[in-house]
Engineer: 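This is the structure I want to talk about, given as structure tokens.
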There are 2 protein chains.
Amino acid sequence: MATGRTHRPATRSRGIPEATVARLPLYLRALTALSERSVPTVSSEELAAAAGVNSAKLRKDFSYLGSYGTRGVGYDVEYLVYQISRELGLTQDWPIVMVGIGNLGAALANYGGFASRGFRVAALIDADPSMVGKPVAGIPVQYIDDLERIIEENGVSIGVIATPAGAAQQVCDRLVAAGVSSILNFAPTVLSVPDGVDVRKVDLSIELQILAFHEQRKAGEDGAVGEAGLPSAAAVRAAAPATAPAATAGRKGPDGDVPAVMPA
Amino acid sequence: MATGRTHRPATRSRGIPEATVARLPLYLRALTALSERSVPTVSSEELAAAAGVNSAKLRKDFSYLGSYGTRGVGYDVEYLVYQISRELGLTQDWPIVMVGIGNLGAALANYGGFASRGFRVAALIDADPSMVGKPVAGIPVQYIDDLERIIEENGVSIGVIATPAGAAQQVCDRLVAAGVSSILNFAPTVLSVPDGVDVRKVDLSIELQILAFHEQRKAGEDGAVGEAGLPSAAAVRAAAPATAPAATAGRKGPDGDVPAVMPA
DNA sequence: GGATGTGAATCTATTCACAGCC
DNA sequence: GGCTGTGAATAGATTCACATCC
């Protein structure tokens with residue numbers, strides 16, 4: 001789900017597969033929970049269950065980091081927490097800026113999980129002058145004109161974009177020009193960035209659409225919902241309107257004369 | 001990034017690869033934009049650029065849906081919009097419930113992108129009695145006790161969880177028991193669900209951690225940031241503190257005696 | 001005995017490159 | 001000539017199964 005231009009595995013990085021990297025935070029969270037309960041060691045089986053993956057995958061993932069377990073015993077929780085934190089770069093402090101302090105931006109700023117792991121909200125930035133100075137999550141909002149200065153002064157290399165779609169690319173360009181090289185984009189837009197800049201995107205509407213796809217499948221298969229599939233009340237209900245293709249229902253755009261042809 | 005139990009491709013579904021499904025919403029968005037500008041046809045090259053993928057991938061993706069293009073010409077925009085909408089199940093209306101109307105939940109409820117494509121917020125639900133009745137995004141919040149009734153009455157099969165982590169599994173269980181079979185989870189927790197239920201998760205902190213991993217790599221590689229990599233100001237700055245591993249900085253949990261060993 | 005670590009096998013996804021059609 | 005559609009080739013991720021070590 002990472003977007004942006006390809007992001008080369010950096011010349012000869014000790015190539016940890018992207019899929020593995022994406023799971024490390026999951027392991028870390030599970031390990032942190034164990035650590036807080038003072039659990040000293042954990043097996044791949046247990047940890048995998050806590051992280052919601054299977055144990056073979058977890059062991060393979062860890063094998064890319066090195067041999068941090070003990071055969072016949074398992075993994076030392078504290079040790080692994082540290083190793084994964086270090087691998088992810090969380091042993092250092094990452095100042096971030098968030099641009100676009102509307103509903104979503106404000107919610108994100110208030111979201112504790114942000115600050116909890118090495119990330120520090122260095123500044124909140126908005127283009128609306130009436131927002132400027134207002135504290136959100138205890139941090140006063142600053143004006144967009146100061147973006148470059150703020151990034152420079154705080155040594156920010158990670159930016160979060162929570163602006164409306166229309167403003168996102170422009171904000172992105174300014175962030176990149178000012179030295180930001182990793183961007184988390186909440187605006188429903190494809191950002192184009194130069195090589196060397198990473199973009200990840202989070203898109204609520206896309207996630208829902210993917211769910212709808214599978215949901216439709218479940219309903220469409222009627223009785224035959226794979227195996228052990230719930231013929232859930234909701235699925236059965238959903239099956240009904242499946243024959244009423246009101247072409248692009250609910251979209252605002254032009255949807256008048258849409259062809260109603262069968263698929264190949 | 002889909003989680004939850006495996007979700008079998010449903011017996012003999014006209015197997016569209018998961019990776020393709022995940023890109024369909026992207027194509028749809030790009031196409032909708034073209035449609036609004038009344039662009040009649042588009043080539044794979046152009047559309048791919050707009051969606052941020054390469055054209056070979058796009059053509060392959062479309063080939064799973066059928067042959068909807070015209071050689072030498074391209075794709076008919078309106079036609080494709082309809083075909084993809086239908087494939088994703090967006091030609092029907094999906095009532096959703098959102099549970100947990102805190103900062104994030106309220107922001108999501110207000111987020112236009114939700115309602116814009118076949119999704120309709122049927123109800124907002126919270127466990128805080130003082131929230132009940134308050135309108136959020138024009139919809140009065142309802143009490144958690146009514147969850148089952150609300151789902152039943154509205155024929156809801158998709159639920160959004162935006163509660164604190166501690167409450168998420170419990171809410172999830174109730175949603176599933178009431179007939180919901182697709183869940184979008186914003187709580188930073190692994191949800192366990194029975195077979196046949198799909199869970200997708202969106203985790204802000206995980207996305208940042210993945211960015212931090214790559215960011216660290218860029219900084220660590222010093223001059224050799226792959227090729228064409230910006231030796232950006234921020235990257236150079238970030239390189240400095242890389243030698244100060246203050247073990248799990250900023251974490252709230254126990255982080256006293258963390259081993260400081262080199263990796264294998 | 002018990003659990004890790006890892007080659008080999010499998011499955012999935014991406015990319016290539018070109019035949020086929022407009 | 002231009003662009004789609006798709007087999008074949010390649011790359012990447014997951015799973016299997018077992019040798020290895022505590």
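Chain A is the first sequence line, chain B the second, and so forth, proteins listed ahead of strands; every chain is numbered from 1. Reckoned from all heavy atoms, side chains included, excluding hydrogens, waters and symmetry mates.
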Engineer: In whole angstroms, how far is the C1' atom of C/dC21 from the OH atom of B/Y68?
Structural biologist: 19 Å

Engineer: Enumerate all atom pairs, one protein N or O and one N or O from nucleotides 7-10 of chain D, separated by less than 3.5 Å.
Structural biologist:
from	atom 1	to	atom 2	distance (Å)
D/dG7	N7	B/K60	NZ	3.3

Engineer: Atom OH of B/Y27 and atom P of D/dT4: how far apart are they, to the nearest Å?
Structural biologist: 13 Å

Engineer: Roughly, in whole Å, what's the span from CG in A/L58 to P in C/dG5?
Structural biologist: 10 Å

Engineer: Of the nucleotides D/dC22, C/dT14, D/dT14, which has the atom closest to the A/Y64 side chain?
Structural biologist: D/dT14

Engineer: Does A/E45 come within less than 4.0 Å of A/R59, counting only side-chain N to carboxylate O?
Structural biologist: no

Engineer: Where the side chain of B/S63 is concerned, which of C/dG5, D/dC22, D/dG5 is the nearest nucleotide?
Structural biologist: D/dG5

Engineer: Decide whether A/S205 and A/Q209 meet the rule of one side-chain donor and one side-chain acceptor closer than 3.5 Å.
Structural biologist: yes

Engineer: I want to confirm an ordering. Mapping A/A56 and B/R23 to their closest nucleotides on DNA chain C, which one lands closer to the 5' end?
Structural biologist: A/A56

Engineer: To the nearest Å, give me how far apart CD (B/E18) and C1' (D/dA13) are.
Structural biologist: 15 Å

Engineer: Check whether any side-chain N or O of B/Y75 sits under 4.0 Å from OP1 or OP2 of D/dG5, and answer yes or no.
Structural biologist: yes

Engineer: Take atom CG of B/N54 and atom C1' of C/dC16, then tell me their distance rounded to the nearest Å.
Structural biologist: 10 Å

Engineer: Less than 4.5 Å apart, side chain to side chain, heavy atoms only: is that true for B/Q83 and B/L65?
Structural biologist: no

Engineer: Is there a side-chain contact between A/S44 and the phosphate of C/dT4, meaning an N or O under 4.0 Å from OP1 or OP2?
Structural biologist: yes

Engineer: Mind calculating the distance between CZ (A/R59) and P (C/dA8) to the nearest angstrom?
Structural biologist: 18 Å

Engineer: With respect to B/Y82, which candidate in B/L90, B/T91, B/V77 satisfies the side-chain contact (heavy atoms from CB on, under 4.5 Å) definition?
Structural biologist: B/T91

Engineer: Of A/G72 and A/K57, whose nearest nucleotide on DNA chain D comes first from the 5' end?
Structural biologist: A/K57

Engineer: Nearest of D/dT15, D/dA13, C/dT4 to any side-chain atom of A/R71?
Structural biologist: C/dT4

Engineer: To the nearest Å, how far apart are B/F62 CZ and D/dT4 C1'?
Structural biologist: 12 Å

Engineer: Could you walk me through whether A/F62 and A/Y68 pass the ring pair (Phe, Tyr, Trp, His ring centres under 6.0 Å) check?
Structural biologist: CA-CA 8 Å; A/F62 285 0; A/Y68 292 154; 8.1 Å; no

Engineer: Less than 4.5 Å apart, side chain to side chain, heavy atoms only: is that true for B/I161 and B/T189?
Structural biologist: no

Engineer: Can you name the nearest heavy-atom pair linking B/A30 to B/A50, along with the distance?
Structural biologist: CB-CB, 4.0 Å

Engineer: Using whole Å, what does the distance between atom C1' of nucleotide D/dG5 and atom CG of B/D61 come to?
Structural biologist: 13 Å

